[in-house]
Amino acid sequence: MKPTFFITTAISYPNGAPHIGHAYEAMATDTIARFMRLDGHDVHFLTGTDEHGIKMLQTARKEGISPRELADRNTALFQEMARLLGLSNDDFIRTTEARHKKASQAIWEAMKANGDIYLDSYAGWYSVRDEAFYQEGETEVRADGVRYGPQGTPVEWVEEESYFFRLSAYQDKLLALYEDNPDFMGPDERRNEVLSFVRSGLKDLSISRTTFDWGIPVPGDERHVMYVWVDALTNYITAVGYPDVSGETFTKYWPAVHIIGKDIVRFHTVYWPAFLMSAGVAVPKRVYAHGFLFNRGEKMSKSVGNVVGPKELVDTYGLDPVRYFFLREVPFGSDGNYSHEAIIARMNADLANDLGNLAQRSLSMIAKNLGGVLPKAGDISDSDREIMAAADALLPVCREAIGRQQIHQALNAIWAVVADANRYFAAEAPWAVRKTDEVRFGTILYVTAEVLRQVGILIQPVMPGSAAKLLDLLGVPVEERGFDRLGPNHRLVAGGTLPPPVGIFPRFVEEKPAD
RNA sequence: GGCAGAGUAGCUCAGGUGGUUAGAGCGACGGACUCAUAACCCGUAGGUCGGCGGUUCGAAUCCGCCCUCUGCUACCA
């Protein structure tokens with residue numbers, strides 16, 4: 001039986017259209033999912049939308065539609081984005097689905113049965129916009145007579161009955177979890193922050209609301225709906241069949257690796273494992289937080305006018321270059337910058353010039369001089385051996401990198417081999433050798449094609465479409481593109497006729513302003 | 001205020017259990033080649049490795065202080 005692997009994105013809040021941050025997380029998670037599949041795992045890749053909560057209600061009201069209509073409309077946009085980005089998700093969960101209501105109520109009951117949920121009341125200055133309570137001292141009454149919170153948003157006095165989760169009881173258990181599982185979360189900077197937060201003491205958590213009803217009813221007390229995080233986080237186990245913990249899907253896939261943004265680290269590394277421990281469910285395998293993306297160093301905002309949608313990027317540069325750019329340029333876990341210039345630089349230098357051109361020059365040589373028949377290798381020289389060994393050595397390096405979500409490092413390693421292959425090709429100068437030594441000529445082209453084969457297989461997770469194109473040109477059968485075909489044991493078979501070469505990665509040529 | 005991380009070539013960053021001429025990519029400049037997507041290949045970049053002081057035969061790498069930036073967190077009011 002194959003080893004299994006369950007990976008998730010955070011579910012998106014669809015009170016607006018998807019932006020580049022959503023796309024980034026989705027592309028990265030998809031890449032890891034694809035990598036693991038190619039590496040022989042039975043993968044379950046989950047993404048979806050978090051459709052409840054007061055903000056959805058407010059946005060809907062503003063637009064004069066029901067929250068349900070808003071959710072349907074905007075979730076469709078997220079599903080469209082998933083198609084646009086070529087996501088290979090196995091499931092798309094919506095928190096408004098029946099299965100999720102069932103799972104959320106079940107985890108609630110389980111936490112309650114464990115004595116961790118109690119009824120109390122919460123009073124304080126509440127900011128609807130921040131979704132947070134503040135101490136009176138944190139607020140101020142301004143000249144307009146309105147009281148504002150520390151984020152500059154209006155606050156109102158709210159006193160409401162609420163169910164609480166006994167988070168305070170989990171401090172030691174959480175610390176033990178972090179201690180015993182150093183890989184529970186990453187990157188390391190986040191770990192320190194979470195540790196100090198938990199060490200400083202945990203307060204019980206308000207987990208229900210009575211002031212609105214767009215949510216999952218609390219079982220046994222339908223005046224309340226579950227507050228955002230119980231509802232939202234539970235999606236991960238809903239999708240594998242919770243509460244049927246002995247069901248096939250659940251036993252097979254849970255626990256998951258969660259890929260999230262750095263803004264929701266606490267919910268995933270503190271609240272979520274506490275909920276799960278309370279409910280008697282295994283905690284996640286790992287939580288990894290990526291950074292934010294900035295357009296030319298500026299945070300994207302509608303007022304600055306630098307909001308770029310995923311669709312515009314894909315339309316402008318093409319899907320694979322966009323995926324490649326973000327995953328290669330931004331160390332996964334750090335914040336990153338993007339700009340038109342940076343994207344073009346990457347796609348032209350790495351894709352068109354380095355990889356695309358290497359494929360083009362070698363394959364067209366085979367087409368023009370050898371009638372498109374893949375030559376067989378003659379005597380293998382040291383330089384041949386060296387470059388093939390470099391390609392053969394990539395899988396363990398990439399595996400290690402992807403295992404720690406360091407997608408950029410895997411790409412780095414692959415492109416180092418591409419650069420080596422270009423040096424190899426230039427040093428061997430097949431265009432000159434052709435005139436004097438047919439056998440050596442064929443050998444150089446064979447070796448180059450073999451390196452391209454391995455590169456093609458390895459870049460499938462990041463650029464599925466382009467990789468397929470490259471492997472097609474090399475005559476690699478579709479069923480021989482898994483990672484089990486990497487390395488020296490499944491070299492290209494000589495003698496086959498290759499299709500006429502076509503460009504894989506076109507250069508991005510700036511359109512001259514027509515003035 | 002506390003804690004954590006960061007400050008290295010024009011740009012983006014590697015590195016750093018202390019030890020020959022501090023690295024890569026991009027950009028720029030020069031050269032070579034002409035198979036190829038005006039691509040590829042070779043060479044050049046003379047950077048106080050944030051600042052000051054210390055330890056040491058020797059520090060970018062260890063210690064102390066300071067400055068700047070970022071994150072988390074607290075508090076004053």
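In what follows, every heavy atom counts, from backbone to side chain, and hydrogens, waters and symmetry copies are set aside. Below, read A as the first sequence line, B as the second, and so on, with proteins coming before strands; counting in each chain starts at 1. The structure displayed is predicted, hence computed values, not measured ones.
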Peer 1: Rounded to the Å, how far apart are A/N412 CG and B/G25 C1'?
Peer 2: 9 Å
Peer 1: Which pairs, protein N/O on one side and nucleotides 36-38 of chain B N/O on the other, fall under 3.5 Å?
Peer 2:
{"from": "B/A36", "atom 1": "OP1", "to": "A/K368", "atom 2": "NZ", "distance (Å)": "2.7"}
{"from": "B/A36", "atom 1": "O2'", "to": "A/N357", "atom 2": "OD1", "distance (Å)": "2.5"}
{"from": "B/A36", "atom 1": "N1", "to": "A/R361", "atom 2": "NH2", "distance (Å)": "3.4"}
{"from": "B/A36", "atom 1": "N3", "to": "A/N357", "atom 2": "ND2", "distance (Å)": "3.3"}
{"from": "B/A36", "atom 1": "N3", "to": "A/R361", "atom 2": "NE", "distance (Å)": "3.2"}
{"from": "B/U37", "atom 1": "O2", "to": "A/R507", "atom 2": "N", "distance (Å)": "3.4"}
{"from": "B/U37", "atom 1": "N3", "to": "A/F505", "atom 2": "O", "distance (Å)": "2.7"}
{"from": "B/U37", "atom 1": "O4", "to": "A/G356", "atom 2": "O", "distance (Å)": "3.2"}
{"from": "B/U37", "atom 1": "O4", "to": "A/F505", "atom 2": "N", "distance (Å)": "3.3"}
{"from": "B/U37", "atom 1": "O4", "to": "A/F505", "atom 2": "O", "distance (Å)": "3.4"}

Peer 1: If you pin A/N192 and A/P331 to their nearest nucleotides in RNA chain B, which one's is more 5'?
Peer 2: A/N192
Peer 1: Can you see whether A/Y446 has A/K376 sitting over its ring - NZ or CZ less than 6.0 Å from the centre and within 45° of the normal?
Peer 2: no
Peer 1: Calculate the interatomic distance between A/N369 atom CG and B/C35 atom P; express it in whole Å.
Peer 2: 10 Å
Peer 1: Just checking A/R190: base, sugar-phosphate only, or nothing, at a heavy-atom cut-off of under 4.0 Å?
Peer 2: sugar-phosphate
Peer 1: If I take atom CE in residue A/M347 and atom P in nucleotide B/C26, what distance separates them, rounded to the nearest angstrom?
Peer 2: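 So the two atoms are 17 Å apart, to the nearest Å.
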Peer 1: Work out which heavy atom in A/L38 is nearest to a heavy atom in A/I457; give both atom names and the distance.
Peer 2: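 Minimum heavy-atom contact is CD1-O, 4.5 Å.
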Peer 1: Is it the case that the side chain of A/N422 and the backbone of A/D354 share a donor-acceptor pair, with hydrogens and angles ignored and the cut-off at 3.5 Å?
Peer 2: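 Such a contact is found between A/N422 side chain and A/D354 backbone.
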Peer 1: With C1' as the reference atom in both, quote the distance from B/G51 to B/C67 in angstrom, rounded to an integer.
Peer 2: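 7 Å, rounded to whole Å.
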Peer 1: Quick one: list whatever passes side-chain hydrogen bond (donor to acceptor under 3.5 Å, both in side chains) with A/S208, sequence neighbours left out.
Peer 2: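 Applying side-chain hydrogen bond (donor to acceptor under 3.5 Å, both in side chains) to A/S208 gives A/H224.
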Peer 1: Mind checking the C1' distance from B/A6 to B/G58? Whole angstroms is fine.
Peer 2: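 Their C1' atoms lie roughly 27 Å apart.
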Peer 1: Which nucleotide in the list B/A4, B/C35, B/C41 gets nearest to the side chain of A/W431?
Peer 2: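 For the A/W431 side chain, the nearest candidate turns out to be B/C35.
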Peer 1: How far does the P atom of B/C26 sit from the matching atom of B/U44, given to the nearest Å?
Peer 2: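 After rounding to an integer number of Å, I get 15 Å for this pair.
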Peer 1: Could you tell me if A/R346 sits above the aromatic ring of A/F325, with its cationic atom closer than 6.0 Å to the ring centre and no more than 45 degrees from the axis?
Peer 2: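 Judged by the rule, A/R346 and A/F325 form no cation-pi pair.
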Peer 1: Roughly, in whole Å, what's the span from CG in A/D335 to P in B/C13?
Peer 2: 10 Å
Peer 1: More 5' along RNA chain B: A/S200 or A/A349, using each one's nearest nucleotide?
Peer 2: A/A349
Peer 1: For the side chain of A/D231 and the backbone of A/M226, is there at least one donor-acceptor N/O pair under 3.5 Å apart?
Peer 2: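 Checked: no pair found.
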Peer 1: Please find the pair of heavy atoms, one from A/L492 and one from A/L474, that lie closest to each other, and give the distance.
Peer 2: CD2-O, 3.7 Å
Peer 1: Can you measure A/R346 atom CZ to B/C13 atom C1' for me and round it to whole angstrom units?
Peer 2: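 Atom CZ in A/R346 sits about 10 Å away from atom C1' in B/C13.
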Peer 1: Pick out which of A/W229, A/Y170, A/Y118 makes a ring pair (Phe, Tyr, Trp, His ring centres under 6.0 Å) with A/F165.
Peer 2: A/Y170
Peer 1: With pairs defined as Watson-Crick or G-U wobble and both distances under 3.5 angstrom, please note down RNA chain B as a dot-bracket string, | for pairing with another strand.
Peer 2: (((((((..((((.....[...)))).((((.........)))).....(((((..]....))))))))))))....
Peer 1: Using whole Å, what does the distance between atom P of nucleotide B/C40 and atom CG of A/L445 come to?
Peer 2: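 Taking CG of A/L445 and P of B/C40, I get 19 Å after rounding.
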Peer 1: Sub-3.5 Å donor-acceptor pair from the side chain of A/D30 to the main-chain atoms of A/M27, do we have one?
Peer 2: no
Peer 1: How close or far is atom P of B/G25 from atom CG of A/N348, stated in whole angstroms?
Peer 2: 18 Å
Peer 1: Report yes if the side chains of A/F197 and A/L202 come closer than 4.5 Å at any heavy-atom pair, otherwise no.
Peer 2: yes
Peer 1: Expressed in angstrom and rounded to an integer, what is the separation of A/D420 atom CG from B/A24 atom P?
Peer 2: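 Answer to the nearest Å: 14 Å.
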Peer 1: Side chain of A/F425 only, please: which of B/G71, B/C41, B/C35 is the nearest?
Peer 2: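 Of B/G71, B/C41, B/C35, B/C35 is nearest to the side chain of A/F425.
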